[in-house]
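Quick caveat, the model's predicted, so the values are computed rather than measured. By convention here, the first residue in the shown sequence is residue 1. What you see below is based on every heavy atom in this structure, not just the backbone, and it leaves out hydrogens, waters and symmetry mates. Indexing begins at 1, ligand by ligand and atom by atom, following the structure's order.
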Amino acid sequence: MTYDTILTDIRGSGDIKTGVITLHRPKAMNALNDQLMDELGCALMGFDRDDSIGCIIVTGSEKAFAAGADIAAMKDYDFQKVYGSNYISRNWETIRTVRKPVIAVVQGVALGGGCELAMMCDMIFAADNAKFGQPEITIGVIAGAGGTQRLPRTVGKAKAMDMLLTNRWMDAAEAERCGLVSRVLPADKVMEEALAAAEKICSFGRLAVMATKEAVNATFESSLSEGLHVERRLFHSMFGTADQREGMDAFVNKRKPMFNK
Ligand code: DAK
């Protein structure tokens, strides 16, 4: 499969590897247009189906993860076009259906739809030059790809309101302090660290990895008691897997486990 707006690569030293997707519209700071979102969705689904891939990384350039939805493309859209074509929902949410973990590696700006795309990933590793913002208000719209929902759940209402209403940007250090990103690293180290984390994920049992992601995500979609119920059922189901027997036997017998990948 060849793409025009993304690059794909497979990295890692073990049997199970990491699929890396790099957003690549350098002249437009990786602004997210329909073609890019279609290609991203296609690459994500390809890696998700591929049994030799255990984890996926989505990244951009040193200057921009993504500067948001493509404003030049959107400027002439009207209600009929966006509602009729199911704009955003049609191809931006493919990432939500991916069952393997997805790590966003953010260098430079993650603005508007770029910040929203990063938040759709399972965790964000940020370079120390990363900046997060939701500037949609400055162009007469609102965040439309989950920003008004995921940002307050992640950073709290006060900071989310501040970012969404005043176009205040957050730097990497603040983003880490308030839980938007999981790790901050020097720009020249962030991809290395993400690949090492991905390799660690690839070394664990595939079913336990996918069930962990499903259980954590359940908390965003439900009440606490519903989330706990999902977690408990998934935990119970682990006792039907060979990896549970292998993992616990290996621990008791002080040997390295051999998981199904
Ligand atoms: N779209 C299109 N082109 C963009 C772009 C964008 N979002 N961001 C940057 N570019 C282009 C610039 O136009 C410029 O192109 P040329 O003039 O060279 O042809 C090139 O990238 C380099 O940008 P700058 O010259 O501006 O570079 P600087 O370093 O000076 O500034 C910047 C970088 C990222 C601070 C600046 O470019 C900027 O402010 N960009 C816009 C950021 C922004 O406002 N992002 C939010 C986009 S709105 C919806 C759902 C979702 C959304 C909307 C509706 N519905 C359900 C209806 C989401 C909306 C958004 O994400």
Side-chain angles (χ1 to χ4, degrees), residues 3-7 21-41 44 58-97 102 104-121 124 126-155 159-175 180-181 187 190 220-221:
Y3 300 111
D4 293 329
T5 61
I6 60 169
L7 307 169
I21 302 171
T22 305
L23 311 179
H24 188 61
R25 292 189 70 210
K27 290 188 180 146
M29 302 203 74
N30 293 332
L32 306 166
N33 63 8
D34 252 1
Q35 183 185 4
L36 188 151
M37 294 314 292
D38 280 339
E39 292 186 355
L40 174 62
L44 285 166
V58 177
T59 192
S61 68
E62 285 168 19
K63 216 173 152 192
F65 177 73
D70 189 326
I71 302 168
M74 277 191 302
K75 99 182 157 41
D76 296 322
Y77 288 0
D78 57 16
F79 175 76
Q80 193 160 323
K81 157 85 181 165
V82 293
Y83 185 73
S85 67
N86 209 10
Y87 181 53
I88 301 292
S89 307
R90 185 183 74 75
N91 55 2
W92 282 54
E93 295 188 335
T94 308
I95 197 164
R96 292 182 63 201
T97 67
V102 183
V105 173
V106 175
Q107 300 187 60
V109 292
L111 299 175
C115 185
E116 292 169 307
L117 176 62
M119 287 192 289
M120 288 181 209
C121 297
I124 303 175
D128 48 13
N129 71 345
K131 295 214 168 3
F132 299 86
Q134 298 286 163
E136 289 88 345
I137 197 104
T138 68
I139 55 167
V141 290
I142 69 167
T148 66
Q149 304 302 304
R150 290 196 183 91
L151 198 59
R153 283 168 205 230
T154 308
V155 305
K159 279 187 187 286
M161 284 288 192
D162 200 356
M163 291 171 75
L164 289 155
L165 288 172
T166 74
N167 185 29
R168 176 176 172 272
W169 296 6
M170 221 182 236
D171 65 17
E174 183 178 8
L180 180 59
V181 313
V190 66
F220 286 100
E221 312 283 348

What is the closest protein heavy atom to [atom], and at what distance does it sit?
atom: atom 57 (C) of ligand 1; result: Tyr87 CD2, 3.8 Å
atom: atom 42 (C) of ligand 1; result: Ala67 O, 3.4 Å
atom: atom 3 (N) of ligand 1; result: Ala31 CB, 4.1 Å
atom: atom 48 (S) of ligand 1; result: Ile139 CD1, 3.4 Å
atom: atom 38 (C) of ligand 1; result: Leu111 CD1, 4.8 Å
atom: atom 1 (N) of ligand 1; result: Ile71 N, 2.9 Å
atom: atom 10 (N) of ligand 1; result: Ala28 O, 3.7 Å

Can a protein heavy atom be found under 4.0 Å away from [atom]?
atom: atom 45 (N) of ligand 1; value: yes
atom: atom 25 (O) of ligand 1; value: no
atom: atom 13 (O) of ligand 1; value: no
atom: atom 61 (O) of ligand 1; value: yes
atom: atom 30 (O) of ligand 1; value: no

Kindly confirm or rule out an N or O of [X] lying under 3.5 angstrom from an N or O of ligand 1.
X: Ala69; value: yes
X: Gly113; value: yes
X: Pro135; value: no
X: Ile88; value: no

Are Trp169 and ligand 1 in contact, using a heavy-atom cut-off of under 4.0 Å?
yes
Is it true that Met74 lies under 4.0 Å from ligand 1, counting heavy atoms only?
yes
Does the side chain of [Y] come within less than 4.5 Å of [X]'s, by heavy atoms?
X: Asp34; Y: Arg90; answer: yes
X: Thr5; Y: Asp38; answer: no
X: Ile88; Y: Met37; answer: no
X: Leu111; Y: Met29; answer: no
X: Val102; Y: Ile95; answer: yes

Could you list which atoms of ligand 1 come closer than 4.0 Å to a heavy atom of Glu136?
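The list of qualifying atoms is 48 (S), 58 (C), 59 (C), 60 (C), 61 (O).
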For Lys27, atoms of ligand 1 separated by under 4.0 Å from a heavy atom:
15 (O), 20 (C), 21 (O)
Side-chain (Glu39) to main-chain (Tyr3) donor-acceptor, under 3.5 angstrom:
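Not a single qualifying donor-acceptor pair exists.
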In terms of side-chain geometry, is the basic nitrogen of Arg168 or Glu174 positioned less than 4.0 Å from the acidic oxygen of its partner?
yes
Roughly how far, to the nearest 0.5 Å, is the CD atom of Glu136 from the CD1 atom of Ile71?
9.0 Å
Looking only at non-hydrogen atoms, which of Gly144, Ala64, Ala72 approaches atom 52 (C) of ligand 1 most closely?
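Looking at heavy atoms only, the winner is Gly144.
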Nearest non-hydrogen atom to atom 37 (O) of ligand 1 belongs to which of Lys81, Lys131, Met29?
Met29
